[in-house]
Colleague: 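After the structure tokens below, expect a handful of questions from me.
For ligands, and for the atoms within them, numbers begin at 1 and follow the listed sequence. Sequential numbering from 1 along the given sequence is applied to the chain's residues.
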Amino acid sequence: MTRVAIFISGGGSNMLSLLDAMEDPSFGAEPVLVLANSSKAGGLAKADARGVPTAAVDHRDYSDRAGFEAEISKILAQYNPDLICLAGFMRVLTPEFTAQWENRMLNIHPSLLPKYKGLHTHQRALDAGDTEAGCSVHLVTAALDDGPILGQARVPVLDGDTADDLAARVLVEEHKLYPTALRNFIAQRG
Ligand code: GAR
């Protein structure tokens, strides 16, 4: 069984889609920890309700990223995950941390990478006049939203779409893409 830690910052809808998928024994993975960078992250209570251990490490309690990550690493050592899935985790991780988890940390990003790394992806797609948008699951490397792509899903941009409309349409696909990409990644990893 592959042991998976999931990092969140907010409501955790992608986290829930991963938890749901891992309930299938054929998935070959189990969630061992959901960690948030704020105790206010709504997803923590949802993970707790599913019986998954949770932890909160508030980045505002640390003067630098290294201190924040040292605390995260201490907690990870207690739960001993094989993989980390970033699922709406909105903190940038240091090259030291990403190197430590090289080929063992996945992220979902709400754009068709390499387009629109960083924030405000949906508004940027609308501003560019794109006719399609989507999401990507990729391995995390030191450069932001830049690692090898494991899977993508596309949606049309419709006339009159707002960024919120597009975000909602993409999110539906995120919930399918992330479990599929994780399942395939685990199967290929052996
Ligand atoms: C998702 O749309 C995810 O792709 C995005 O945040 C949202 C989190 O929603 N992630 C990023 O923007 C990462 N840079 P969720 O908490 O409901 O899963």
Colleague: Side chain or backbone, does Asn14 bring an N or O within less than 3.5 Å of an N or O on ligand 1?
Modeller: yes

Colleague: Under a 4.0 Å N-O cut-off, is there an ion pair linking Arg189 with Asp82?
Modeller: no

Colleague: Taking all non-hydrogen atoms of both residues, which atom of Val157 and which atom of Arg169 are closest, and how far apart?
Modeller: CA-NH1, 4.1 Å

Colleague: N/O to N/O below 3.5 Å, does that happen between Leu171 and ligand 1?
Modeller: no

Colleague: Thr141 and Thr98: which non-hydrogen atoms are nearest, and at how many Å?
Modeller: O-CG2, 3.8 Å

Colleague: Would you mind running through ligand 1 and noting each atom that sits below 4.0 Å from a heavy atom of His109?
Modeller: 14 (N)

Colleague: For ligand 1, which is the ligand I care about here, please tell me if Asn107 has any N or O atom under 3.5 Å from one of the ligand's N or O atoms.
Modeller: no

Colleague: I'd like to check the side chain to side chain contact (heavy atoms under 4.5 Å, CB included) partners of Gln78; sequence neighbours left out, ordered by chain and number.
Modeller: none

Colleague: Name the closest protein heavy atom to atom 13 (C) of ligand 1, giving the residue it belongs to and the distance to 0.1 Å.
Modeller: Met90 SD, 3.7 Å

Colleague: Taking all heavy atoms of Leu16 and all of Lys46, pick out the closest pair and write down the distance.
Modeller: CD1-CD, 3.8 Å

Colleague: Pull out every atom of ligand 1 sitting under 4.0 Å from any heavy atom of Glu174, numbered as shown with elements.
Modeller: 1 (C), 2 (O), 3 (C), 4 (O)

Colleague: Might you confirm whether atom NZ of Lys40 has over 12 heavy atoms from other residues, nucleotides or ligands at distances under 6.0 Å?
Modeller: no

Colleague: Who passes salt bridge (charged side-chain N to carboxylate O under 4.0 Å, His left out) against Glu173, sequence neighbours left out?
Modeller: Lys176

Colleague: So for Ile108, does at least one of its heavy atoms come nearer than 4.0 angstrom to any atom of ligand 1?
Modeller: yes

Colleague: Could you tell me the residue and atom name of the protein heavy atom closest to atom 16 (O) of ligand 1, and the distance to it rounded to 0.1 Å?
Modeller: Gly12 N, 2.9 Å

Colleague: Can you sort out which atoms of ligand 1 are near Gly88, meaning under 4.0 Å from one of its heavy atoms?
Modeller: 6 (O), 8 (C), 10 (N)

Colleague: For atom 17 (O) of ligand 1, what is the closest protein heavy atom, and at what distance to 0.1 Å?
Modeller: Ser13 OG, 2.6 Å

Colleague: Can you check whether Thr94's main-chain N or O pairs, donor with acceptor, with Glu69's side chain at less than 3.5 Å?
Modeller: yes

Colleague: Starting from atom 12 (O) of ligand 1, locate the nearest protein heavy atom and write down its residue, its atom name and how far away it is, to 0.1 Å.
Modeller: Pro110 CD, 3.5 Å

Colleague: With a 4.0 Å cut-off on heavy atoms, is Gly11 in contact with ligand 1?
Modeller: yes

